[in-house]
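Notes follow the structure.
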There are 2 protein chains.
Amino acid sequence: MTWTPQDDPDRSPEVPAGKTRDALRAAHLYYMQDLTMDAIAAELHTSRSSVSRLLSHARASGLVEISIHSPLDLPSRLEQEILARHEIAAHVVPVPDQASDVDRLDRVALSAARILGRFIDSNQLVGVAWGSTMSAVSRHLVPKSTHNSEIVQLNGAGNLRTTGILYASELLRRFGDAFGAKVQQFPVPAFFDDPATKEAFWRERSTKRLLELQGRLDVALFGVGSPFAEVASRVYQGGYLEREDYAALSADGVVGDVATVFYRADGSSEGIPLNERATGPDFGVLRRAPRRICVVSGRAKLPSLRGAIAAGLITDLITDEGTARALVEHA
Amino acid sequence: MTWTPQDDPDRSPEVPAGKTRDALRAAHLYYMQDLTMDAIAAELHTSRSSVSRLLSHARASGLVEISIHSPLDLPSRLEQEILARHEIAAHVVPVPDQASDVDRLDRVALSAARILGRFIDSNQLVGVAWGSTMSAVSRHLVPKSTHNSEIVQLNGAGNLRTTGILYASELLRRFGDAFGAKVQQFPVPAFFDDPATKEAFWRERSTKRLLELQGRLDVALFGVGSPFAEVASRVYQGGYLEREDYAALSADGVVGDVATVFYRADGSSEGIPLNERATGPDFGVLRRAPRRICVVSGRAKLPSLRGAIAAGLITDLITDEGTARALVEHA
DNA sequence: AACTCGCGTGCACAAACGTGCAAGGAGACC
DNA sequence: GGTCTCCTTGCACGTTTGTGCACGCGAGTT
């Protein structure tokens, strides 16, 4: 076996080039030529188990891409219905209705992570919000190497008890790693206590730079928060909000949030005091991104989802079947 | 289970739409969500074996597409060498050197069939030659639905003993089926006995129509024939040529043929008498096709391959590793 | 030098998968 | 209505694949 000295330069934990090469070859033999792993092991002079692991590696690292095309004459009823009704390209993830909410989230996140590669490309600015949904997605991303793209954090993540930085930065880092992109953190709390502090912060040059990036995103990626659903979202259980904030939201008729910016059922977000202290981008700013992908799982989030749609925040939707069905059974 | 009356309209042997739908759903669950077939069986209210079969169907019918991307920093040495040296986009199929020639052919054909989908698209005119290589490829094609594309037979297939029509038409039909394309047969012998007959035939309107199609192909697909290799190609064993033809070829310094048109090592094809009686397209005509894909397996065909390259017939090459390696180890 | 830590390997076992086969069901034809 | 044929289904079996574990090697540390 000839030894090539250089390492695979595009992976952070250095993977020997030989491994990638073997994985590539194994993948060819397995997926293009239908050999069994045993046969491949013989060709590569290794054991079958190693081949199994090589193939896992090949899939996990994006060397092998598996995509599913519905024939054009048979796109999911739901997807075309959603397109017709809301002008949103939907990706419906099949999940049985009796599945638990955690299952549902996992499965939607897994599917979402795997189709995200289609949306993210070189030379793009990608805004990512954080929350339980995005966190689940981030754990399943399939690497895809891009050049000159950046991941931009959409909203702050600090709270009363912890800085939250770890949680959010871990999430962002996973995106950065997966796409070989630079990560732009936004080291502020999720909500300021005092709007004035926010304003002051917003005048800082480092903040301005970030806001400027947010203003010219190519892709925005987010979930929706659902303050009053049984399954509370990250923002609503992590000590980010006080009891009185909660009450205020309720009084204002808030149905959800995107990147910690709240809105009502009609999509409006003006006059909600908490937004003055929130760190997420204005919807006006967010809407400048040509592609705005929303990942939602669970019917409990339906009202929030409807609100986000009403606000015109979404161009692409990834959601489970039950939620999609509920969405088109119009209220 | 709701019953939808209409059938899947794009498959010749009618497949119920329900089946495609189930296959699609199974594929999502299997490939996007990593469920086991057991779990999928439960969701679809069927048995695990049926799920296994659904998934096979999904793969075989192109619902699921598996592609392999080499990282851009690690394209096969061979492929980039061939590109640099011959300006040909090569696809090297890994095959161990000690593999038998039949194995080699099978494996190259299988891989070729699976990547062909990338080259053939809607609204295209695709010329296909026939021979053992193309026949092997045709047996593994993965369907891809296209609109308004046509498959055009490049050369006649009759010989002294049989009309050869069955063989060639079966091959062409498989291509047509796989891409949902109309098939244009070319019902003439591989070689006329008398050049005059050919000329007469060439004045027929039906022939002219076909030649006109051949003149504006978008893609041409062919193998290379190798008259003097141990493993004789279809043309050289099927009773298409007489002993004296053979001798004449040898005397003319012929090293191979593409679609029954012969050429020398330097790529020239002028002054080879047999070509006056052959039914394949002139290289001048062939070269009008912007994309000309050649599938070759086995080092025995190397001289023929070199000749075809010298003649400028090839823009894309699909071949086994050994042949590719031999190609760059320049003679 | 000895030790530890991390990583890759093969083994062995369990889980997951493909497929021949027989049974059942839906037309089609008589 | 019968019956013949073709297709689909689930079962059972053998094969193929994933993975915990123990071992061994090499790099870095004391």
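Labels below follow one simple rule: chain letters A, B, ... track the order of the sequence lines, proteins then strands, and each chain is numbered from 1.
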Rounded to whole Å, CG of B:Leu54 lies from C1' of C:dG18 at a distance of 14 Å

When rounded to whole Å, the NE2 to P distance for the pair A:His45 and C:dG10 reads 12 Å

By nearest-heavy-atom nucleotide on DNA chain D, the more 5' of B:Ser47 and A:Arg48 is B:Ser47

note: B:Arg53, atom CZ; C:dC21, atom C1'; distance rounded to Å ~ 10 Å

Under-4.0 Å side-chain N/O to phosphate OP1/OP2 contact, A:Thr46 with C:dG10
yes

- prompt: With respect to the phosphate group of D:dG10, does any side-chain polar atom (N or O) of B:Ser50 fall under 4.0 Å of OP1 or OP2?
  reply: yes

Fill in: Between A:Phe119 and A:His91, ring centroids under 6.0 Å
yes

Taking only the side-chain nitrogens and oxygens of B:Ser52, find out if one of them lies under 4.0 Å from OP1 or OP2 of C:dG18. yes

Which of C:dT19, C:dA12, D:dG18 is nearest the side chain of A:Met37? It is D:dG18

message: So A:Thr36, base contact, sugar-phosphate only, or nothing? Heavy-atom distance under 4.0 Å.
response: sugar-phosphate

Between CG of B:Asp34 and C1' of C:dC17 the distance, given in whole Å, is 15 Å

*asked:* C:dA16, OP1 or OP2 - any side-chain N/O from B:Tyr30 closer than 4.0 Å?
replied: no

